[in-house]
**Student:** 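Quick one: structure below, then a few questions.
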Amino acid sequence: MKKHIINQINNLPPLPNNIRELDNFRKKDSTNVEELLEILKKDPLIVANILKVANSSMFGFRSKVETLSRAINLLGIKFAISIAIGSSINESIKSNLLAYAVTNDDFLFSCSLATNIVNTWISTINFDLKNELLLPAFLQEIGKFVISQAIQNEKKTEEFLKELEETKDTSYCEETFTGFTCARITANIFKNWQLSHNIIFPIAFAEDIENCPKEFQQKAQILQIIKILCDVRYPLSDKNIEKALEKVALYNFDVENFLNSIDVIKAVIEENT
């Protein structure tokens with residue numbers, strides 16, 4: 001299976017031009033909404049996904065969000081860019097998550113939840129750090145599409161799902177079946193596409209904090225906590241919140257601040273579900 005995964009990563013198509021446009025816009029730190037709208041409107045799928053997230057239970061805006069410009073206004077430019085780049089990358093990989101028994105919409109929700117946690121929690125710690133982590137948080141589980149395809153090709157879907165159900169530990173099952181962590185697979189996808197080290201390194205070491213270069217360690221710790229919370233099969237489950245809380249304490253983040261942020265997000269989701 002390792003060989004299949006390596007081949008799959010090496011044979012991915014080049015990064016679409018719209019992602020490069022969006023990434024260049026992101027790097028400029030521009031607030032020109034009209035310029036962003038022009039880029040986003042080139043891809044109807046991106047527009048649809050941004051509107052889908054804006055109208056999800058995660059936010060519960062007072063009225064339906066029907067236009068892209070209103071969605072950007074409500075979500076924020078950087079949040080919208082994260083959704084756009086993530087959606088486009090998902091489409092480029094052209095796979096599904098049948099091995100996890102979840103849909104692409106489930107995946108979009110969990111990725112958007114990850115970005116929302118960064119927006120809510122990390123903004124209370126450091127505003128610049130929040131902006132730097134919005135995109136890595138959304139993208140860090142992209143490797144699941146490669147894992148799912150490999151497991152299906154090896155006809156091990158039923159066995160994988162059984163292990164997921166028994167252990168409730170997605171990261172453990174991924175590494176056991178493929179020999180790689182999802183973090184490592186995702187990082188290699190982005191290395192292959194020559195994305196920024198500021199995206200690759202925090203993702204690569206989110207499941208290997210001990211070996212993480214010091215300059216990326218705090219980011220990797222945060223991504224690890226978010227990865228636990230946003231498990232695509234069990235997002236914000238009580239068990240995963242407990243596991244995440246252990247990491248919050250271990251890494252000396254403010255526990256009360258973290259819990260307050262999660263409570264706010266959960267309350268909005270429950271109210272609008």
Side-chain angles (χ1 to χ4, degrees), residues 26-27 29-31 33 50 53-62 65 71-86 108-141 183 196 198-199 201-203 205-207 209 212-232 234-273:
R26 180 184 66 85
K27 288 173 182 174
D29 208 24
S30 173
T31 56
V33 175
I50 291 174
V53 171
N55 286 298
S56 71
S57 60
M58 202 183 312
F59 298 103
F61 295 126
R62 290 182 181 179
V65 181
I72 293 171
N73 182 52
L74 291 169
L75 295 173
I77 287 176
K78 293 186 184 298
F79 202 142
I81 290 173
S82 299
I83 298 167
I85 292 178
L108 178 63
F109 178 87
S110 68
C111 293
S112 302
L113 175 62
T115 307
N116 196 19
I117 292 171
V118 170
N119 222 22
T120 307
W121 173 37
I122 306 305
S123 62
T124 65
I125 299 173
N126 183 304
F127 190 79
D128 291 335
L129 182 62
K130 179 210 79 170
N131 285 336
E132 290 172 17
L133 283 174
L134 284 170
L135 187 56
F138 192 98
L139 296 176
Q140 70 170 332
E141 297 287 65
S196 164
N198 289 327
I199 294 174
F201 275 78
I203 290 174
F205 290 96
E207 294 177 288
I209 302 296
C212 182
K214 191 171 182 180
E215 64 185 292
F216 296 106
Q217 197 165 75
Q218 186 186 45
K219 293 178 182 177
Q221 290 169 345
I222 291 167
L223 289 185
Q224 184 187 75
I225 292 164
I226 290 171
K227 181 187 288 282
I228 293 167
L229 290 169
C230 300
D231 186 300
V232 70
Y234 314 106
L236 289 185
S237 69
D238 290 343
K239 181 178 179 181
N240 282 339
I241 290 174
E242 286 179 17
K243 286 168 66 177
L245 190 56
E246 290 174 8
K247 298 293 184 182
V248 169
L250 177 65
Y251 301 142
N252 294 316
F253 292 110
D254 187 313
V255 169
E256 186 176 354
N257 184 29
F258 169 77
L259 287 174
N260 287 340
S261 299
I262 298 306
D263 284 345
V264 167
I265 293 170
K266 282 186 71 177
V268 173
I269 293 173
E270 287 168 6
E271 182 179 340
N272 294 288
T273 298

**Student:** Report the C-alpha separation of Phe109 and Val232 in whole Å, then their side-chain angles, then the decisive distance to 0.1 Å, and conclude whether the side chain to side chain contact (heavy atoms under 4.5 Å, CB included) test is met.
**Tutor:** CA-CA 8 Å; Phe109 178 87; Val232 70; over 6 Å; no
**Student:** Measure the OG-CD1 distance between Ser261 and Ile117 for me, rounded to the nearest 0.5 Å.
**Tutor:**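 Separation between the atoms: 9.5 Å.
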**Student:** What are the two closest heavy atoms between Ile225 and Phe258, and how far apart are they?
**Tutor:** CG2-CE1, 3.9 Å
**Student:** Filter on salt bridge (charged side-chain N to carboxylate O under 4.0 Å, His left out), then keep only pairs touching residues 74-85, sequence neighbours left out; what's left?
**Tutor:** Asp29-Lys78
**Student:** Any idea which heavy atoms bring Asn116 and Ile265 closest together, and the distance?
**Tutor:** O-CD1, 4.0 Å
**Student:** Can you check whether Glu256's main-chain N or O pairs, donor with acceptor, with Asn260's side chain at less than 3.5 Å?
**Tutor:**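 Between the backbone of Glu256 and the side chain of Asn260 there is a qualifying donor-acceptor contact (under 3.5 Å).
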**Student:** If you round to the nearest 0.5 Å, how far is CD1 of Ile262 from OG1 of Thr120?
**Tutor:** 8.0 Å
**Student:** Just how far is it from atom CG of Asp231 to atom CG of Leu236, taken to the nearest 0.5 Å?
**Tutor:**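 Answer rounded to 0.5 Å: 10.5 Å.
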**Student:** Given side chain to side chain contact (heavy atoms under 4.5 Å, CB included), test Ile83 with Thr115 step by step and report yes or no.
**Tutor:** CA-CA 9 Å; Ile83 298 167; Thr115 307; over 6 Å; no
**Student:** Between Gln140 (side chain) and Leu223 (backbone), is there a donor-acceptor pair under 3.5 Å?
**Tutor:**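 Indeed, once roles are kept as given, a pair shorter than 3.5 Å links the two residues.
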**Student:** To check you understand the geometry: which heavy-atom pair defines the closest contact between Cys212 and Ala220, and what is its length?
**Tutor:**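 Closest approach of Cys212 to Ala220: SG-CB, 3.9 Å.
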**Student:** Over all heavy atoms of both residues, which pair between Ile209 and Gln217 is shortest? Give the atoms and the distance, please.
**Tutor:**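 Between these two residues, the closest heavy atoms are O-NE2, 3.5 Å.
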**Student:** Would you please name every residue forming a salt bridge (charged side-chain N to carboxylate O under 4.0 Å, His left out) with Lys247, sequence neighbours left out?
**Tutor:**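 Scan of Lys247 (salt bridge (charged side-chain N to carboxylate O under 4.0 Å, His left out), adjacent residues dropped) gives none.
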**Student:** What closest approach, in Å, do Ala183 and Ile203 show between heavy atoms, and which atom pair accounts for it?
**Tutor:**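 Minimum heavy-atom separation between Ala183 and Ile203: CB-O, 3.2 Å.
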**Student:** Can you check whether Tyr251's main-chain N or O pairs, donor with acceptor, with Gln221's side chain at less than 3.5 Å?
**Tutor:** no
**Student:** Distance from Asn240 atom CG to Tyr234 atom OH, nearest 0.5 Å?
**Tutor:** 9.0 Å
**Student:** Are Asn272 and Phe59 side-chain neighbours, meaning at least one heavy-atom pair lies under 4.5 Å?
**Tutor:**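 They are not in side-chain contact.
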**Student:** Taking only distance into account, with no hydrogens and no angle test, what donor-acceptor pairs under 3.5 Å do side-chain atoms of residues 124-137 form with protein atoms, sequence neighbours excluded?
**Tutor:**
from, atom 1, to, atom 2, distance (Å)
Thr124, OG1, Trp121, O, 2.5
Thr124, OG1, Asn257, OD1, 3.2
Thr124, OG1, Asn257, ND2, 2.8
Asn126, OD1, Asp128, N, 3.0
Asn126, OD1, Leu129, N, 2.9
Glu132, OE1, Lys219, NZ, 2.7

**Student:** Say you draw a straight line from CD of Glu270 to CG of Asp263; how long is it, rounded to the nearest 0.5 Å?
**Tutor:**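 With rounding to 0.5 Å, CD (Glu270) is 9.0 Å from CG (Asp263).
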**Student:** Taking all non-hydrogen atoms of both residues into account, name the closest pair between Pro213 and Phe201 and its distance.
**Tutor:**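 That closest heavy-atom pairing would be CG-CD2, 4.1 Å.
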**Student:** Quick one, Met58 with Ser112, criterion side chain to side chain contact (heavy atoms under 4.5 Å, CB included). Give me CA distance, side-chain angles, the key distance, then yes/no.
**Tutor:** CA-CA 9 Å; Met58 202 183 312; Ser112 302; 3.7 Å; yes
**Student:** Determine, stepwise, if the pair Leu108 / Phe138 fulfils side chain to side chain contact (heavy atoms under 4.5 Å, CB included).
**Tutor:** CA-CA 9 Å; Leu108 178 63; Phe138 192 98; 3.9 Å; yes
**Student:** To the nearest 0.5 Å, tell me how far Lys27 NZ sits from Ser196 OG.
**Tutor:**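 Rounded to the nearest 0.5 Å, the NZ-OG separation comes to 6.0 Å.
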